[in-house]
Amino acid sequence: MSPPRASPMLWLALTLMLVAGPLRAAEPAAAAVIARLDLLATNLSAELTARLRTNVVTGSYTTVWRQFEDLSIAALQDILPRHISELRREHLDAGATRRGLEKNRPADLAIHCGPNPIEISIKATRASRPPENDLGTFREHENRRRRFAASFTLWVRYVERRETFQVERVFFDRTWRFVGKSSLVDGVKYRKKDGNMRPKPWAMFDAGTAFWSDETEFEAAVERARIFRANALVQEYLETLAEDDQRLLHERLHEKFAAPAPQ
(Lines give C-alpha, C1' and ligand atoms only; values in the text may rest on other atoms or scores of the structure.)
Protein backbone atom coordinates (compact mmCIF):
# COMPACT_ATOMS: atom_id res chain seq x y z
CA MET A 1 0.00 0.00 0.00
CA SER A 2 1.50 3.31 -1.06
CA PRO A 3 1.87 6.09 1.56
CA PRO A 4 -0.68 8.92 1.43
CA ARG A 5 0.27 11.81 -0.77
CA ALA A 6 0.79 15.23 0.79
CA SER A 7 -1.69 17.89 -0.23
CA PRO A 8 -0.51 20.72 -2.53
CA MET A 9 -0.97 23.22 0.32
CA LEU A 10 1.33 21.20 2.58
CA TRP A 11 4.00 21.06 -0.12
CA LEU A 12 3.67 24.81 -0.56
CA ALA A 13 4.10 25.41 3.17
CA LEU A 14 7.17 23.16 3.31
CA THR A 15 8.69 24.91 0.30
CA LEU A 16 8.17 28.33 1.87
CA MET A 17 9.78 27.17 5.12
CA LEU A 18 12.85 25.92 3.24
CA VAL A 19 13.18 29.15 1.28
CA ALA A 20 12.51 31.55 4.14
CA GLY A 21 14.28 29.57 6.84
CA PRO A 22 13.06 29.20 10.43
CA LEU A 23 10.39 31.60 11.60
CA ARG A 24 11.69 34.57 13.57
CA ALA A 25 10.30 34.93 17.06
CA ALA A 26 7.91 37.82 17.42
CA GLU A 27 9.59 40.89 18.86
CA PRO A 28 8.43 41.70 22.40
CA ALA A 29 6.72 44.91 23.44
CA ALA A 30 9.23 47.50 24.67
CA ALA A 31 7.12 48.58 27.65
CA ALA A 32 6.96 45.04 29.03
CA VAL A 33 10.70 44.48 28.67
CA ILE A 34 11.54 47.85 30.23
CA ALA A 35 9.31 47.10 33.21
CA ARG A 36 10.99 43.73 33.74
CA LEU A 37 14.48 45.23 33.47
CA ASP A 38 13.56 47.83 36.08
CA LEU A 39 12.28 45.13 38.46
CA LEU A 40 15.30 42.90 37.83
CA ALA A 41 18.00 45.58 38.12
CA THR A 42 19.21 44.54 41.58
CA ASN A 43 19.09 40.81 40.82
CA LEU A 44 20.82 41.30 37.49
CA SER A 45 23.59 43.29 39.16
CA ALA A 46 24.19 40.45 41.63
CA GLU A 47 24.04 37.68 39.04
CA LEU A 48 26.31 39.52 36.61
CA THR A 49 28.78 40.22 39.42
CA ALA A 50 28.94 36.52 40.36
CA ARG A 51 29.38 35.46 36.76
CA LEU A 52 31.92 38.05 35.63
CA ARG A 53 34.05 37.66 38.76
CA THR A 54 35.11 34.26 37.46
CA ASN A 55 37.02 35.90 34.59
CA VAL A 56 40.59 37.11 34.92
CA VAL A 57 41.85 39.10 31.95
CA THR A 58 45.27 40.39 31.03
CA GLY A 59 46.47 43.40 29.11
CA SER A 60 46.50 47.14 29.70
CA TYR A 61 43.89 49.26 31.47
CA THR A 62 43.64 51.25 28.21
CA THR A 63 42.34 48.20 26.35
CA VAL A 64 40.95 45.88 29.02
CA TRP A 65 37.56 47.60 28.82
CA ARG A 66 36.97 45.86 25.49
CA GLN A 67 37.42 42.43 27.07
CA PHE A 68 35.06 43.29 29.90
CA GLU A 69 32.57 44.61 27.37
CA ASP A 70 32.63 41.40 25.35
CA LEU A 71 32.29 39.28 28.49
CA SER A 72 29.38 41.45 29.67
CA ILE A 73 27.53 41.19 26.36
CA ALA A 74 27.93 37.41 26.33
CA ALA A 75 26.61 37.24 29.90
CA LEU A 76 23.59 39.41 29.07
CA GLN A 77 22.76 37.31 26.02
CA ASP A 78 22.64 34.25 28.25
CA ILE A 79 21.00 35.73 31.36
CA LEU A 80 18.30 38.05 30.00
CA PRO A 81 16.26 35.40 28.08
CA ARG A 82 16.18 33.28 31.26
CA HIS A 83 14.68 36.11 33.28
CA ILE A 84 12.42 37.71 30.66
CA SER A 85 10.20 35.14 28.96
CA GLU A 86 9.42 37.42 26.01
CA LEU A 87 13.08 37.63 25.02
CA ARG A 88 15.00 35.30 22.73
CA ARG A 89 18.70 35.47 22.05
CA GLU A 90 17.96 36.73 18.53
CA HIS A 91 16.33 39.82 20.03
CA LEU A 92 19.68 40.81 21.60
CA ASP A 93 21.70 42.48 18.87
CA ALA A 94 25.43 42.46 19.56
CA GLY A 95 26.46 41.85 15.95
CA ALA A 96 25.17 45.21 14.75
CA THR A 97 27.25 46.97 17.37
CA ARG A 98 30.45 45.76 15.76
CA ARG A 99 29.71 47.25 12.34
CA GLY A 100 31.12 50.55 11.18
CA LEU A 101 33.40 52.92 13.02
CA GLU A 102 33.70 52.49 16.77
CA LYS A 103 32.50 56.01 17.49
CA ASN A 104 29.39 55.46 15.39
CA ARG A 105 28.17 52.32 17.18
CA PRO A 106 24.50 52.87 17.98
CA ALA A 107 24.55 50.73 21.13
CA ASP A 108 26.82 48.22 22.83
CA LEU A 109 23.82 45.86 22.99
CA ALA A 110 20.39 46.58 21.51
CA ILE A 111 17.19 44.75 22.43
CA HIS A 112 14.92 44.64 19.40
CA CYS A 113 11.35 45.56 20.31
CA GLY A 114 9.83 46.39 16.95
CA PRO A 115 10.14 50.14 16.26
CA ASN A 116 11.19 50.77 19.88
CA PRO A 117 14.62 49.24 20.56
CA ILE A 118 16.17 49.35 24.02
CA GLU A 119 19.80 50.33 24.52
CA ILE A 120 22.24 48.72 26.95
CA SER A 121 25.60 50.46 27.27
CA ILE A 122 28.66 48.83 28.82
CA LYS A 123 31.11 50.82 30.96
CA ALA A 124 34.23 49.64 32.77
CA THR A 125 36.23 51.56 35.40
CA ARG A 126 39.07 50.78 37.77
CA ALA A 127 37.93 50.60 41.39
CA SER A 128 41.01 52.56 42.51
CA ARG A 129 39.89 55.71 40.69
CA PRO A 130 36.68 57.77 40.67
CA PRO A 131 34.44 56.94 37.70
CA GLU A 132 34.89 59.49 34.91
CA ASN A 133 33.51 57.64 31.88
CA ASP A 134 31.78 59.62 29.17
CA LEU A 135 28.00 59.15 29.23
CA GLY A 136 27.30 60.93 25.96
CA THR A 137 27.09 64.58 25.00
CA PHE A 138 23.93 66.65 25.31
CA ARG A 139 23.40 66.29 21.56
CA GLU A 140 23.95 62.52 21.63
CA HIS A 141 21.54 62.27 24.54
CA GLU A 142 18.79 63.91 22.53
CA ASN A 143 19.46 61.58 19.58
CA ARG A 144 19.29 58.55 21.88
CA ARG A 145 15.97 59.69 23.30
CA ARG A 146 14.54 59.69 19.79
CA ARG A 147 16.12 56.38 18.82
CA PHE A 148 15.60 54.20 21.90
CA ALA A 149 12.57 53.48 24.07
CA ALA A 150 14.88 53.35 27.10
CA SER A 151 18.59 53.30 27.92
CA PHE A 152 20.21 51.02 30.50
CA THR A 153 23.86 50.70 31.49
CA LEU A 154 25.88 47.78 32.78
CA TRP A 155 28.81 49.16 34.75
CA VAL A 156 31.85 46.98 35.50
CA ARG A 157 34.09 48.02 38.38
CA TYR A 158 37.32 46.07 38.32
CA VAL A 159 40.53 45.73 40.33
CA GLU A 160 44.05 45.54 38.98
CA ARG A 161 46.58 43.07 40.36
CA ARG A 162 49.92 43.50 38.66
CA GLU A 163 49.24 42.48 35.06
CA THR A 164 45.79 40.98 35.57
CA PHE A 165 42.35 42.53 35.94
CA GLN A 166 39.30 41.06 37.66
CA VAL A 167 35.74 42.22 38.13
CA GLU A 168 35.02 43.48 41.65
CA ARG A 169 31.36 44.46 41.21
CA VAL A 170 28.79 44.98 38.46
CA PHE A 171 25.98 47.55 38.50
CA PHE A 172 22.93 47.45 36.23
CA ASP A 173 20.35 50.23 36.08
CA ARG A 174 18.77 52.96 33.98
CA THR A 175 21.50 55.09 32.43
CA TRP A 176 20.14 58.34 33.89
CA ARG A 177 20.57 56.96 37.42
CA PHE A 178 24.35 56.81 36.88
CA VAL A 179 24.71 60.49 35.91
CA GLY A 180 26.40 62.84 38.36
CA LYS A 181 25.42 66.33 39.50
CA SER A 182 27.29 69.52 38.60
CA SER A 183 28.88 71.69 41.27
CA LEU A 184 28.32 74.79 39.11
CA VAL A 185 24.62 74.53 38.33
CA ASP A 186 21.57 72.59 39.52
CA GLY A 187 22.00 70.19 36.64
CA VAL A 188 23.89 67.14 35.46
CA LYS A 189 27.64 66.82 35.73
CA TYR A 190 29.39 67.38 32.38
CA ARG A 191 32.73 68.16 30.78
CA LYS A 192 32.77 71.73 29.55
CA LYS A 193 34.79 71.30 26.36
CA ASP A 194 32.40 68.83 24.71
CA GLY A 195 29.30 68.62 26.90
CA ASN A 196 29.88 64.95 27.77
CA MET A 197 27.90 63.94 30.83
CA ARG A 198 29.87 62.31 33.64
CA PRO A 199 28.96 59.77 36.37
CA LYS A 200 28.08 60.01 40.04
CA PRO A 201 30.67 58.99 42.73
CA TRP A 202 31.35 55.37 43.74
CA ALA A 203 29.61 55.85 47.11
CA MET A 204 26.31 56.38 45.29
CA PHE A 205 26.95 53.33 43.10
CA ASP A 206 27.37 51.20 46.22
CA ALA A 207 24.35 52.72 47.93
CA GLY A 208 22.17 52.31 44.83
CA THR A 209 21.13 55.97 44.95
CA ALA A 210 20.76 58.61 42.24
CA PHE A 211 20.68 62.40 42.16
CA TRP A 212 17.35 62.40 40.31
CA SER A 213 14.10 60.94 41.63
CA ASP A 214 12.77 60.11 38.17
CA GLU A 215 13.53 60.54 34.48
CA THR A 216 11.47 63.74 34.17
CA GLU A 217 13.54 65.40 36.88
CA PHE A 218 16.71 64.15 35.19
CA GLU A 219 15.71 65.59 31.80
CA ALA A 220 15.07 68.97 33.42
CA ALA A 221 18.56 68.79 34.96
CA VAL A 222 20.05 68.00 31.54
CA GLU A 223 18.37 71.06 30.05
CA ARG A 224 19.57 73.37 32.85
CA ALA A 225 23.14 72.14 32.42
CA ARG A 226 22.97 72.44 28.64
CA ILE A 227 21.83 76.07 28.80
CA PHE A 228 24.39 76.91 31.50
CA ARG A 229 27.21 75.45 29.40
CA ALA A 230 26.06 77.30 26.26
CA ASN A 231 26.02 80.62 28.11
CA ALA A 232 29.41 79.94 29.68
CA LEU A 233 30.95 79.19 26.28
CA VAL A 234 29.55 82.40 24.80
CA GLN A 235 31.01 84.44 27.64
CA GLU A 236 34.35 82.63 27.40
CA TYR A 237 34.85 83.13 23.67
CA LEU A 238 33.15 86.49 23.19
CA GLU A 239 36.27 88.48 24.07
CA THR A 240 38.41 86.47 21.67
CA LEU A 241 36.16 87.12 18.67
CA ALA A 242 37.48 89.43 16.00
CA GLU A 243 35.88 92.88 15.91
CA ASP A 244 34.06 92.09 12.67
CA ASP A 245 32.62 88.94 14.21
CA GLN A 246 31.54 90.83 17.31
CA ARG A 247 29.84 93.46 15.14
CA LEU A 248 28.04 90.74 13.16
CA LEU A 249 26.87 89.11 16.39
CA HIS A 250 25.65 92.47 17.66
CA GLU A 251 23.66 93.04 14.47
CA ARG A 252 22.06 89.59 14.64
CA LEU A 253 21.08 90.08 18.27
CA HIS A 254 19.73 93.56 17.51
CA GLU A 255 17.57 92.11 14.72
CA LYS A 256 16.27 89.39 17.01
CA PHE A 257 15.36 91.64 19.94
CA ALA A 258 14.45 94.89 18.17
CA ALA A 259 10.94 96.15 18.81
CA PRO A 260 8.55 95.39 15.94
CA ALA A 261 7.90 98.28 13.56
CA PRO A 262 4.61 100.10 14.20
CA GLN A 263 1.78 99.15 11.86
Side-chain angles (χ1 to χ4, degrees), residues 28-46 48-49 72 76 80 83-84 106-111 113 115-125 129-157 169-235:
V33 176
I34 293 169
R36 289 290 293 157
L37 289 173
D38 284 334
L39 289 173
L40 289 166
T42 300
N43 290 341
L44 288 174
S45 299
L48 287 162
T49 296
S72 299
L76 286 169
L80 289 182
H83 287 283
I84 303 176
D108 295 326
L109 183 66
I111 302 177
C113 300
N116 303 300
I118 298 167
E119 173 192 29
I120 299 181
S121 296
I122 314 293
K123 304 294 180 183
T125 310
R129 292 190 175 186
E132 289 293 339
N133 303 61
D134 291 337
L135 297 178
T137 65
F138 295 135
R139 179 176 298 180
E140 291 169 344
H141 173 69
E142 191 59 35
N143 292 336
R144 279 186 160 89
R145 286 187 68 196
R146 289 193 293 266
R147 182 166 194 168
F148 298 106
S151 294
F152 290 81
T153 293
L154 184 158
W155 208 296
V156 176
R157 187 168 69 191
R169 189 171 176 184
V170 176
F171 306 88
F172 183 88
D173 210 335
R174 293 274 194 136
T175 299
W176 63 264
R177 289 182 54 81
F178 289 112
V179 180
K181 186 174 183 178
S182 172
S183 60
L184 301 175
V185 62
D186 182 21
V188 299
K189 184 179 180 182
Y190 65 91
R191 187 167 56 198
K192 183 178 181 180
K193 69 175 183 179
D194 55 11
N196 240 310
M197 290 183 282
R198 314 308 287 274
K200 63 188 181 183
W202 280 135
M204 295 184 70
F205 276 74
D206 291 320
T209 57
F211 283 109
W212 330 107
S213 61
D214 54 41
E215 196 163 5
T216 299
E217 186 178 318
F218 166 73
E219 293 298 341
V222 171
E223 184 63 11
R224 289 193 296 270
R226 186 192 66 79
I227 294 173
F228 182 87
R229 173 178 176 267
N231 291 333
L233 289 174
V234 169
Q235 295 176 26

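Sequence positions, counted from 1, serve as the residue numbers for this chain. None of the values given here were measured: they were computed from a predicted structure.
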Taking side chain as C-beta onward, heavy atoms only, is L44 less than 4.5 Å from L37? yes

Residues T125 and P131: closest non-hydrogen pair is CG2-CA, 3.8 Å

Is a side-chain donor or acceptor of R169 paired with a backbone partner of V156 at a separation under 3.5 angstrom? no

Take L154 and D108 through the test side chain to side chain contact (heavy atoms under 4.5 Å, CB included) and record every step on the way to the result. CA-CA 10 Å; L154 184 158; D108 295 326; over 6 Å; no

Ionic contact status for R147 with E119, cut-off 4.0 Å: no

Is the positively charged end of K200 above the ring of F211, judged by distance under 6.0 angstrom from the centroid and angle within 45° of the axis? no

Check whether the ring centres of H141 and Y190 lie less than 6.0 Å apart, and answer yes or no. no

Taking the side chain as every heavy atom from C-beta outward, state whether N43 and H83 have any pair of such atoms under 4.5 Å apart. no

Find out whether I120 and I111 are in side-chain contact, i.e. whether some heavy atom of one side chain is under 4.5 Å from a heavy atom of the other. yes

Between N133 (side chain) and A124 (backbone), is there a donor-acceptor pair under 3.5 Å? yes

Below 4.5 Å, heavy atoms only, C-beta onward: do V185 and I227 meet side chain to side chain? no

Can you name the closest pair of heavy atoms from A30 and I118 and give their distance? O-CD1, 4.0 Å

Is there a donor-acceptor contact under 3.5 Å from the side chain of T49 to the main chain of V170? yes

Is the backbone of D134 close enough, under 3.5 Å, to the side chain of K123 for a donor and an acceptor to pair up by distance? yes

Hey, is R145 close enough to E140 for a salt bridge, meaning N to O under 4.0 Å? no

Using ring centroids (six-membered ring only for Trp), state whether F172 and W155 fall under 6.0 Å. no

Starting from the C-alpha separation in whole Å, work towards a yes-or-no answer on side chain to side chain contact (heavy atoms under 4.5 Å, CB included) for V179 and R198. CA-CA 6 Å; V179 180; R198 314 308 287 274; over 6 Å; no

Inspect the contact between R226 and E223 and indicate whether a charged nitrogen and a carboxylate oxygen are less than 4.0 angstrom apart. yes

Can you check whether D194's main-chain N or O pairs, donor with acceptor, with T137's side chain at less than 3.5 Å? no

Kindly say whether I84 contributes a backbone atom to a donor-acceptor pair with the side chain of R36 at under 3.5 angstrom? no

Close side-chain approach of V222 to M197, heavy-atom, < 4.5 Å: yes

Assess whether side chain to side chain contact (heavy atoms under 4.5 Å, CB included) is satisfied between L135 and N196, documenting all intermediate values. CA-CA 6 Å; L135 297 178; N196 240 310; 5.7 Å; no

On a heavy-atom basis, which atom in K189 and which in E132 lie closest, and how many Å separate them? NZ-OE2, 3.4 Å

Value rounded to 0.5 Å, distance of CZ in F148 from OG1 in T175: 10.0 Å

Ring centres under 6.0 angstrom apart (F178, F171): no

Once side chain to side chain contact (heavy atoms under 4.5 Å, CB included) is applied, do any residues pair with R174, and if so which ones, sequence neighbours excluded? I34, D38, A150, F152, W176, R177, E215

Would you indicate whether R139, at its atom CZ, is surrounded by more than 12 heavy atoms from other residues, nucleotides or ligands within a distance under 6.0 Å? no

